[in-house]
Amino acid sequence: MPDEREHDIVVLGATGFTGELTAQHLARHAPQGTRFALAGRNRGKLEAVRERLGADVPLVSADTTDERSLRELAESTKVVITTVGPYITYGEPVVAACAEAGTGYLDLTGEPEFMDLMYVRHHRRATETGARLLHACGFDSIPHDLGVRFTVEQLPEGVPLHVEGYVRAGGMASGGTIASALLIMARMRHAAQAGRQRRALEPDPGGRRVRITTGAPKRAEGLYVLPAPTIDPLIVRASALALDRYGPDFSYGHYVASKRLPAAAGIAAAVPVLAGVAQLPAARKLVSSRFPPGTGPSESKRVSSWFKVRFAGEGGGKRVVCEVAGGDPGYGETSKMLAEAALALALDDLPESAGQVTTAQAMGEALTRRLQRQGIGFSVLASPAST
């Protein structure tokens, strides 16, 4: 049983850039008595991370290519955090081990194909064992998933609801993030196929309707906004399907935003260029050589980074504007979100759930409170008023 396991949380990939930041957050902020460990395939590198942490934490040998080591890892802990990506390449053995062992699983994937394939292949087994499998537990997609949930809670119950999210951020990407983004763009056809397979298996929402809306570029909430086809609306959709509080007819639109028109135009121009680069293996290899996985921005650059996601929601004659805001989205806040989600899953009294679930579904209010205590803001900018 999970309560009898050796560890509460194990960080797999602790020698990587984001993995070490996640372990650092646990070392500094986990409640006293929390049993967390570091896992990876290179013990020397794990020992170096442990020394930098200044914490006497156990080290666990585990390799994503060694099923036995992953099985032993999953059976030893309540929750596994994995930062080992790209997940389409390295992620499934970890998911499979956690689903079989009834162990909580969290990752940072932004890969829709991976998320959908894991639902198709492992959701049923996880529901049988009680495992909770959570994807996209960083900037993708916790601010958006919990932000929509927070916005919905400000609106009337039992009525059709529409929410739009407008994302602004300033920061630098790591080598691993860039490599994953290019891989996602290169595999869009595979992702579409995986999405169809998942939808064929999803249960009927019982007369409720949940939609992702794709709008046109526009001006909204004082911002220039462009549709953003990221993993975030897919996570919001999964939460809305699982939670009746989102109403009988829920729709969500997701946008990247800027206060300045030239910046918005630059984003629009860059997307097709990146998509073209992603189709060329040689170009992807060149980019990876310039921004190698495992590297990331300096601490001084992370300190100056930020994000703000504004949500406009309406329904039942009411309208509300909310915001989720924080610091460095890619690393400082992402590692914070991932670590706090793991702490919530391992330690908090949460609603019953199993299978592939979302943060809004599995730990919504508890995780929101945790993040607020860690400096991530959830606020109502405009109170509900008659439309």
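For the residue pair Ile142 and Cys137, the shortest heavy atom distance occurs at CD1-O, 3.4 Å. The shortest non-hydrogen separation linking Glu365 to Arg149 is N-NH1, 3.4 Å. What you find for Leu226 and Pro217 is that their closest heavy atoms are CD2-CB, 3.5 Å. Scanning all heavy atoms of the two residues, the minimum distance from Ala354 to Thr127 falls at O-CG2, 3.8 Å. For Val60 against Ala37, the heavy-atom pair with the smallest separation is CG2-CB, 4.1 Å. Nearest heavy-atom pair, Ala62 versus Leu73, reported as atom, atom and distance to 0.1 Å: CB-CD2, 4.1 Å.
By the rule that hydrophobic residues join a cluster once side-chain heavy atoms approach within less than 4.5 Å of another member, Leu241 and Val152 end up as members of one cluster. Ile88 and Met115 fall into different hydrophobic clusters, defined by Ile, Leu, Val, Met, Phe, Trp and Tyr side-chain heavy atoms under 4.5 Å apart, directly or through other members. Ile235 is not connected to Leu338 by any chain of hydrophobic side-chain contacts under 4.5 Å among Ile, Leu, Val, Met, Phe, Trp and Tyr, and they are in different clusters. Placement of Leu350 and Leu106 within a single hydrophobic cluster is found when ILVMFWY residues are connected by side-chain heavy-atom separations under 4.5 Å, directly or transitively. Side-chain heavy atoms closer than 4.5 Å link hydrophobic residues (I, L, V, M, F, W, Y) into clusters, and following such links, even through other members, never connects Met118 to Leu201.
A distance of 9.5 Å separates CD1 in Ile376 from CD in Gln372, rounded to the nearest 0.5 Å. Separating the OG atom in Ser76 from the CD atom in Glu6 is a distance of 6.0 Å, to the nearest 0.5 Å. For the atom pair Tyr105 OH and Thr77 OG1, the distance stands at 14.0 Å (nearest 0.5 Å). Annotation: the span from Glu113 atom CD to Arg189 atom CZ amounts to 11.5 Å, rounded to 0.5 Å. Atom CG of Asp244 and atom CZ of Phe250 lie 13.0 Å apart (nearest 0.5 Å). Atoms CG and CD, on Leu243 and Glu153 in that order, are 9.5 Å from each other to the nearest 0.5 Å.
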Applying side chain to side chain contact (heavy atoms under 4.5 Å, CB included), run through Val225 and Lys218 and close with a yes or a no. CA-CA 6 Å; Val225 305; Lys218 62 182 180 179; 3.4 Å; yes
Could you walk me through whether Glu157 and Arg245 pass side chain to side chain contact (heavy atoms under 4.5 Å, CB included), step by step? CA-CA 6 Å; Glu157 296 188 45; Arg245 180 61 180 87; 3.3 Å; yes
Evaluate the criterion side chain to side chain contact (heavy atoms under 4.5 Å, CB included) for residue pair Val79 and Asp8; output intermediate values, then yes/no. CA-CA 6 Å; Val79 176; Asp8 294 315; over 6 Å; no
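Under the salt bridge (Lys or Arg N to Asp or Glu O under 4.0 Å) test applied with Glu20, the options Lys45, Arg52, Arg50 reduce to a single match, Arg52. Of the options Leu134, Asp232, Thr358, Val324, a side-chain contact (heavy atoms from CB on, under 4.5 Å) to Asp145 is made by Thr358 and by none of the others. Of the residues Val57, Leu343, Leu53, Thr34, the one that meets the side-chain contact (heavy atoms from CB on, under 4.5 Å) test with Leu26 is Leu343. Remark: of the listed residues Asp328, Leu21, Leu108, Ile81, Leu21 is the sole one forming a side-chain contact (heavy atoms from CB on, under 4.5 Å) with Ser335. No option in Leu133, Val94, Thr82 other than Thr82 meets the side-chain contact (heavy atoms from CB on, under 4.5 Å) test with Asp107.
For Ser251 and Thr213, the side-chain atoms include no donor-acceptor pair closer than 3.5 Å.
Under a 3.5 Å cut-off, the side chain of Arg121 and the backbone N or O of Ala96 do not form any donor-acceptor pair. Glu323 contributes no side-chain N or O that, together with a main-chain N or O of Ser379, makes up a donor-acceptor pair within less than 3.5 Å. Formation of a donor-acceptor pair under 3.5 Å by the Arg198 side chain with backbone atoms of Tyr119 is not found in this model. Without hydrogens or angle criteria, Thr334 side chain to Phe139 main chain gives a donor-acceptor distance under 3.5 Å. A distance-only check finds no donor-acceptor pair linking the side chain of Thr109 to the backbone of His135 [under 3.5 Å]. Between the side chain of Arg168 and the main chain of Trp306, no donor-acceptor pair closer than 3.5 Å is present.
Salt-bridge check for Arg124 with Glu128: failed, with every basic side-chain N at 4.0 Å or more from each acidic carboxylate O. Note on Asp116 versus Arg199: no salt bridge recorded, every NZ/NE/NH1/NH2 to OD/OE distance being 4.0 Å or above. Arg370 and Asp348 are joined by a salt bridge, as a carboxylate oxygen and a charged side-chain nitrogen come within less than 4.0 angstrom of each other. The pair Glu100-Arg125 counts as a salt bridge, with a side-chain nitrogen and a carboxylate oxygen less than 4.0 angstrom apart. Electrostatic pairing of Lys336 and Glu340 does not count as a salt bridge here, judged by no charged N lying under 4.0 Å from a carboxylate O.
A 4.5 Å side-chain heavy-atom check between Val236 and Val163 finds every atom pair outside the cut-off. Counting heavy atoms from C-beta outward, Met337 and Pro143 have side chains that approach closer than 4.5 Å. Side-chain contact between Arg132 and Met363: absent, with no pair of heavy atoms (C-beta onward) separated by less than 4.5 Å. Looking only at side-chain heavy atoms (C-beta outward), Glu111 and Ile231 stay at 4.5 Å or farther from each other. Side-chain contact between Leu371 and Leu146 is present, with at least one heavy-atom pair separated by less than 4.5 Å. At least one side-chain heavy atom of Gln154 sits under 4.5 Å from a side-chain heavy atom of Cys322. No side-chain heavy atom of Leu70 sits less than 4.5 Å from a side-chain heavy atom of Asp66. Contact of the Arg35 side chain with the Lys78 side chain is registered, since non-hydrogen atoms from C-beta on lie closer than 4.5 Å.
The number of heavy-atom neighbours closer than 6.0 Å to CZ of Arg41, taken from other residues, nucleotides and ligands shown, is 12 or below. In Arg219, the CZ atom is crowded: over 12 heavy atoms of neighbouring residues, nucleotides or ligands sit closer than 6.0 Å.
Between His254 and Tyr252, the angle of the ring planes lies from 30° to 60°, which puts this pair in the tilted group. Between Tyr87 and Phe114, the ring planes lie tilted relative to each other; the angle falls in the 30° to 60° range.
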